[in-house]
Number of protein chains: 2
Amino acid sequence: MELTTAEENYLKAIYHLSDGGKKSVSTNDIAAEMNTKAASVSDMLRKLGEKEVIEYRKYYGLQITESGKRHALQTIRKHRLWEVFLVEKLNFAWDEVHEVAEQLEHIHSPLLIQRLDSYLNYPKFDPHGDPIPDEFGDVRSRPRVQLNEMEVDQTGQIVAVKDSSAAFLRYLDKVGAYIGARIKILDKVEFDGSLEILVDQKKTLFMSKEVACNILVLQS
Amino acid sequence: MELTTAEENYLKAIYHLSDGGKKSVSTNDIAAEMNTKAASVSDMLRKLGEKEVIEYRKYYGLQITESGKRHALQTIRKHRLWEVFLVEKLNFAWDEVHEVAEQLEHIHSPLLIQRLDSYLNYPKFDPHGDPIPDEFGDVRSRPRVQLNEMEVDQTGQIVAVKDSSAAFLRYLDKVGAYIGARIKILDKVEFDGSLEILVDQKKTLFMSKEVACNILVLQS
DNA sequence: TTTTATTTTTAGCCTTACCTAAATCTTGAA
DNA sequence: TTCAAGATTTAGGTAAGGCTAAAAATAAAA
């Protein structure tokens, strides 16, 4: 069964908002995420229900089906593989990839994705540190902690960001807090939760709690 | 000014059918090429006229404008660059690339194409031997001759095909007459125009005139 | 030159994916 | 427990890109 580009986008949004089908999602949430109106969402939910990628009872809410999860994970897989391609092969900066990957993820060709995956050496994580589902939709995720939750002297590696707005990514790039950077907490100010961090054993960085909240770290 | 995917496809068809604006094209020709009906074409011609990529006088015919040529060449450039990528980097066979490139050519991102071009080392020809326009739409084409027009003892290199149907491409692949193959005419049968050819200095190949008509050779 | 055949265009309809405005359902507060 | 606020859905409309059937223009043939 084939989904249109719009349907794929809605399904992906639902998958993300529901945290993979765990949390419940409202019509308004979806409208906000997709930059559309609630009325348009209602309409689309009916269609997605008919295609059986969600189970939809009006006024009561929705539930992603197994089929829906497979479709969503497939789209996410394509998005993240293209992001890896853009950064590793075409030297895009990580704040430039999202918009293009958003288009590339809708190219239909199983062979293309299989070959791309192989060409990129079966990457497990995208440039933002998010895990790439395999062709069966399986995800190996690493346990991650927000940078602001770490204590003085703890160490780790930056593996993902929560806010992937271009402004935030550019800021991180500027201060050298790239994905993969090894960090150590040097000091933590109790008053405002701000941090002093050692990056890659050389650069010292001062960071507000607001920024730290949006950085995910794999502790070591 | 932005064109939709459908508009880009029509414009590309018009560009090809008119041989770059030289020949005149009929509504029915376009309908046949696009697998749509004449009524749909009329409608689209009106729209393309409004966007000034063609000059359109109803019942009289159309003429691609300079702006239209730029748009068409840009789409052709993208299509052919993606074909090079698919064949050279992802190991697609040349009879598998067309459909996927047909989708990829509509991705909008000037940066992507610029980087892709550089990543592929600014190729001048696609896997079928067709020239790739540069970013200004300029094309360096090589003088090419149909294989059936060559005489005994002449040599050259296969650089393009006229019929790019999957069936034809598969046939060529099977017999080893790939793009880039060096060939020499060993014998030519006057009666039916069929040829005996030496491929890459090792393989001898017998070929009907019908097939030879569809193969373009750069003589040497 | 008239008539017929062919090509092209218009008219009117369909689907997708959006919209606004109005109706309807659910829920939380009195 | 009733009722207003808030969320959700329906009703009806738009634009793009298709379609068929009918009308109009051009081209060809008698």
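Here is how names work: the chains are called A, B, and so on, in the same order as the sequence lines, proteins then strands, and each is numbered from 1. Keep in mind that the numbers below use all heavy atoms, side chains included, and drop hydrogens, waters and symmetry copies.
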Which part of the nucleic acid does A6(A) contact within heavy-atom distance under 4.0 Å: base, sugar-phosphate only, or nothing?
sugar-phosphate
Between K58(B) and Y60(A), which has a closest nucleotide on DNA chain C that is more 5'?
K58(B)
Heavy-atom pair of closest approach, residues A38(B) and N28(B):
CB-OD1, 3.6 Å
For M207(A) and I197(A), work out which heavy atoms get closest and say how close.
SD-CD1, 3.7 Å
Touch check for S42(A), heavy atoms < 4.0 angstrom, all strands: base, sugar-phosphate only, or nothing?
base
Using a cut-off of 6.0 Å, state whether more than 12 heavy atoms not belonging to E55(B) lie near its atom CD.
no
What are the bounds, 5' to 3', of the part of DNA chain C that sits under 4.0 Å from heavy atoms of chain B?
dT7(C) to dT10(C)
Judged by nearest nucleotide, the residue sitting upstream toward the 5' end of DNA chain D, K47(B) or S40(B), is K47(B)
Quick test of your reading of the model: are E7(B) and K51(B) salt-bridged, counting only N-O distances below 4.0 Å?
yes
Please work out which of the three classes, parallel, tilted or perpendicular, describes the rings of H79(B) and H98(B), given edges at 30° and 60°.
tilted
Would you call K78(A)-E83(A) a salt bridge at under 4.0 Å N-O?
no
Chain A vs DNA chain D, heavy-atom contacts under 4.0 Å, first-to-last nucleotide span, 5' to 3', is dA7(D) to dT10(D)
Taking atom CD of Q146(A) as the centre, does the number of heavy atoms from other residues, nucleotides or ligands within less than 6.0 Å exceed 12?
yes
State, to 0.1 Å, how close P133(B) and R77(B) come at their nearest heavy-atom pair, and which atoms those are.
O-NH1, 3.1 Å
